[in-house]
Amino acid sequence: MSIPRHLRYTWDHEWLVVDEGNATVGITAFAARALGDVVHLRLPAVGTWVEAGESCGEIESLTATSDLYAPASGQVLEVNTALTGDPGIVNSAPYTVGWLFRLRVENIAGALSADAYAAHCAHSQGDRR
């Protein structure tokens with residue numbers, strides 16, 4: 001499983017990258033694989049405030065519905081409208097065109113480095129290397 005080093009991660013398997021105070025947010029390949037085929041997304045509305053660590057949407061797959069958690073606090077600036085017609089992009093390209101939303105960051109709480117996230121995933125899978 002590829003874990004891009006330039007991103008930051010959450011315990012709940014979201015990723016973010018911050019550029020000039022704005023963050024792009026998505027779910028990790030680990031989460032996409034665990035969910036299976038994504039069939040529907042409920043993303044936060046543009047203009048709403050999301051709070052770090054709080055549920056801000058849902059991801060529905062063929063087998064489950066999971067909460068989407070905000071990896072940072074801030075105002076939602078944009079959502080990925082391409083996912084409306086093809087939510088499976090989240091599975092095929094979670095770190096690129098499968099991003100979920102962008103926000104103006106006010107606070108990032110507890111973001112993990114790529115190495116720390118890799119260790120978290122290994123532990124989640126029972127791999128204690």
Side-chain angles (χ1 to χ4, degrees):
M1 175 181 60
S2 173
I3 299 175
R5 299 195 65 72
H6 70 286
L7 303 176
R8 294 291 174 247
Y9 300 89
T10 70
W11 294 106
D12 297 309
H13 306 287
E14 286 85 21
W15 61 262
L16 77 155
V17 62
V18 180
D19 183 29
E20 296 183 18
N22 295 327
T24 301
V25 176
I27 65 167
T28 66
F30 181 93
R33 188 175 69 233
L35 282 168
D37 294 334
V38 174
V39 296
H40 181 73
L41 296 159
R42 184 180 60 79
L43 300 175
V46 172
T48 60
W49 179 267
V50 297
E51 194 67 40
E54 299 292 320
S55 176
C56 65
E58 291 180 338
I59 301 174
E60 183 181 342
S61 71
L62 292 174
T63 59
T65 299
S66 297
D67 283 330
L68 171 65
Y69 295 96
S73 298
Q75 183 178 24
V76 177
L77 301 173
E78 180 182 6
V79 297
N80 187 348
T81 57
L83 300 177
T84 302
D86 189 2
I89 295 171
V90 171
N91 295 105
S92 61
Y95 297 118
T96 56
V97 295
W99 62 273
L100 302 176
F101 63 94
R102 293 192 171 111
L103 60 102
R104 167 60 85 191
V105 175
E106 294 293 327
N107 178 37
I108 299 173
L112 303 171
S113 69
D115 291 338
Y117 181 69
H120 172 58
C121 291
H123 180 75
S124 296
Q125 293 177 326
D127 179 3
R128 308 216 183 236
R129 285 185 261 165

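Just the heavy atoms: all of them, side chains too, but no hydrogens, waters or symmetry mates, feed the values below.
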Heavy-atom closest pair, residues [X] and [Y]:
| X | Y | result |
| --- | --- | --- |
| Thr10 | Leu112 | C-CD1, 4.0 Å |
| Ala111 | Arg8 | CB-CB, 3.8 Å |
| Gly53 | Tyr69 | O-CD2, 3.5 Å |
| Asn91 | Ala32 | ND2-O, 3.2 Å |
| Ala70 | Cys56 | N-SG, 3.8 Å |
| Gly85 | Pro87 | C-CD, 3.8 Å |

Atom pair [atom1]/[atom2] of [X] and [Y] - distance to nearest 0.5 Å:
| X | Y | atom1 | atom2 | value |
| --- | --- | --- | --- | --- |
| Leu7 | Ser113 | CG | OG | 11.5 Å |
| Glu14 | Ile59 | CD | CD1 | 7.0 Å |
| Thr24 | Asp19 | OG1 | CG | 8.0 Å |
| Leu68 | Glu58 | CG | CD | 9.5 Å |
| Thr48 | Leu103 | OG1 | CG | 9.5 Å |

Side-chain heavy atoms under 4.5 angstrom apart, residues restricted to Ile, Leu, Val, Met, Phe, Trp, Tyr: same cluster for [X] and [Y]?
| X | Y | value |
| --- | --- | --- |
| Val79 | Val97 | yes |
| Val90 | Phe101 | yes |
| Val25 | Leu35 | yes |
| Val17 | Leu43 | no |
| Val38 | Leu83 | yes |

Within the distance-only criterion (no hydrogens, no angle test), does the side chain of [X] pair as donor or acceptor with the backbone N or O of [Y] below 3.5 angstrom?
| X | Y | result |
| --- | --- | --- |
| Trp15 | Ile3 | no |
| Gln75 | Gly47 | yes |
| Asn80 | Gly98 | no |
| His40 | Glu60 | no |

Under 6.0 Å between the ring centres of Tyr117 and His13?
-> yes
Is there side-chain contact between Phe30 and Pro94, with heavy atoms separated by less than 4.5 Å?
-> no
Show your working on side chain to side chain contact (heavy atoms under 4.5 Å, CB included) between Arg33 and Thr28 and close with a plain yes or no.
-> CA-CA 9 Å; Arg33 188 175 69 233; Thr28 66; over 6 Å; no
Hydrophobic cluster (4.5 angstrom, side-chain heavy atoms) - remaining members for Trp49 | none
I would like to know whether Tyr95 and His6 meet side chain to side chain contact (heavy atoms under 4.5 Å, CB included); could you show each step before the answer?
-> CA-CA 11 Å; Tyr95 297 118; His6 70 286; over 6 Å; no
Have a look at Ser73 and tell me which of Glu106, Arg104, Glu51 forms a side-chain hydrogen bond (donor to acceptor under 3.5 Å, both in side chains) with it.
-> Glu51
